[in-house]
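Report on one structure; see the data block that follows.
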Amino acid sequence: MPRVISWIVMPIAVVVLSGWAWAQEPSPTVTRPRSGVNSLAGGTTQSSQRALPKDIDPGSRARLPNVKREDLDAEGKKTYDSIVNENTPYSHGLPAPIGMWMHSPKMAQHMLPEYMYLRFGNSFGTRLTELAILVASREINAQYEWTAHEPWALKAGVEPEIIDIVKYRRRVTGLGEKETLIIVFGRELLGDRKVTSETFAHALKVFGEDGVTDLAGLMAFYQFLYTSSVVPFDIQLPADSQPLLPVRP
């Protein structure tokens, strides 16, 4: 039954994705870190400009190489093709970190549709989705995710002042209601490990039952992505980028 459900959800996620995901482009390369950013806070352990650890594959920049379609069985190819096609941002292959899941095709069969929905199919739109991902990345000290998504967030319209509030964990003042809620909700969910009754009630009023559920799912999923892929496979930053996330104060 889970397999059937997965293959029902997969096409839905891809259809939803194709409607607006192409408004986004691959993350711009950032070569000059901002003031005070001089060390990694998670995910990788050294500057992307230094020599790779001995157990890192130079192609994937992770402990295992990227999975090749031709090495998969028929079911694995079906999972791979459902994401790697011209209707998604992944027409050229599955990069790390989500690409590491393909080393367990059955796991990928279930996780990739969830990832596609939470990132591309939710009701928040690109700008607020990227803000939520940044909040999650900050709270779990996920350097790889933050460095990948800060340029995406800027491109999606998240203001630099908001990014700095999240990055440096400053007081949330003067922001819109939704932006404030996303930051506070994420700090409580992943930082305090407890969402207050007041915050939940406010989020429920503003986002509705489906929205608050999707918000929690999106943020929690990026913690899962970090601990299921970035950390165990020691995924390194791209060779031409620098870490953007300072150590959490």
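What you see below is based on every heavy atom in this structure, not just the backbone, and it leaves out hydrogens, waters and symmetry mates.
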With the threshold set at 4.0 Å, does a side-chain nitrogen-carboxylate oxygen contact exist between Glu130 and Arg119?
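Yes, Glu130 and Arg119 are salt-bridged.
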State whether Lys77 and Glu70 are salt-bridged, where the test is any N-O pair (Lys NZ or Arg NE/NH1/NH2 against Asp/Glu carboxylate O) under 4.0 Å.
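No.
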Spatial distance of atom [atom1] ([X]) from atom [atom2] ([Y]) [nearest 0.5 Å]:
{"X": "Phe233", "Y": "Met100", "atom1": "CZ", "atom2": "CE", "result": "6.5 Å"}
{"X": "Gln143", "Y": "Leu244", "atom1": "CD", "atom2": "CG", "result": "7.0 Å"}
{"X": "Ser197", "Y": "Leu204", "atom1": "OG", "atom2": "CG", "result": "12.0 Å"}
{"X": "Leu118", "Y": "Asn122", "atom1": "CG", "atom2": "CG", "result": "7.0 Å"}
{"X": "His149", "Y": "Leu154", "atom1": "NE2", "atom2": "CG", "result": "13.0 Å"}

Output all residues satisfying side chain to side chain contact (heavy atoms under 4.5 Å, CB included) with [X], sequence neighbours left out; order by chain, then residue number.
{"X": "Pro97", "result": "Tyr144, Leu225, Ser229, Val230, Ile235"}
{"X": "Val84", "result": "Tyr80, Leu94"}
{"X": "Lys194", "result": "none"}
{"X": "Ala136", "result": "Leu190, Met219, Tyr222"}

Side chain Thr79, main chain Ala108, donor-acceptor under 3.5 Å
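Here the side-chain-to-backbone pair does not exist.
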Give every residue pair that meets the salt bridge (Lys or Arg N to Asp or Glu O under 4.0 Å) criterion with at least one member in residues 178-193, sequence neighbours excluded.
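Of all non-adjacent pairs touching residues 178-193, those that pass salt bridge (Lys or Arg N to Asp or Glu O under 4.0 Å) are Arg127-Glu179.
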Residues in salt bridge (charged side-chain N to carboxylate O under 4.0 Å, His left out) with Glu145, at least two apart?
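Here no residue qualifies.
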In chain order, what residues pass the side chain to side chain donor-acceptor pair (under 3.5 Å) check against [X], with sequence neighbours excluded?
{"X": "Asp73", "answer": "none"}
{"X": "Asn66", "answer": "none"}
{"X": "Arg69", "answer": "Asp81"}

So do the side chains of [X] and [Y] get within less than 4.5 Å of each other, counting heavy atoms only?
{"X": "Leu131", "Y": "Val135", "result": "yes"}
{"X": "Pro53", "Y": "Asp234", "result": "yes"}
{"X": "Met102", "Y": "Met107", "result": "no"}

State which residues pass ring pair (Phe, Tyr, Trp, His ring centres under 6.0 Å) with Trp146; sequence neighbours excluded, sorted by chain then number.
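For Trp146, no residue satisfies ring pair (Phe, Tyr, Trp, His ring centres under 6.0 Å) once neighbours in sequence are set aside.
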For Tyr115, ring pair (Phe, Tyr, Trp, His ring centres under 6.0 Å) partners two or more places apart
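Here no residue qualifies.
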Can you tell me how the ring of Phe124 sits relative to the ring of Phe207, calling it parallel under 30°, perpendicular over 60° and tilted otherwise?
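Rings of Phe124 and Phe207: perpendicular, as their planes differ by over 60°.
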Summary of side-chain hydrogen bond (donor to acceptor under 3.5 Å, both in side chains) pairs that have at least one residue in residues 201-212, sequence neighbours excluded
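Every pair satisfying side-chain hydrogen bond (donor to acceptor under 3.5 Å, both in side chains) with a residue in residues 201-212: Glu177-His202.
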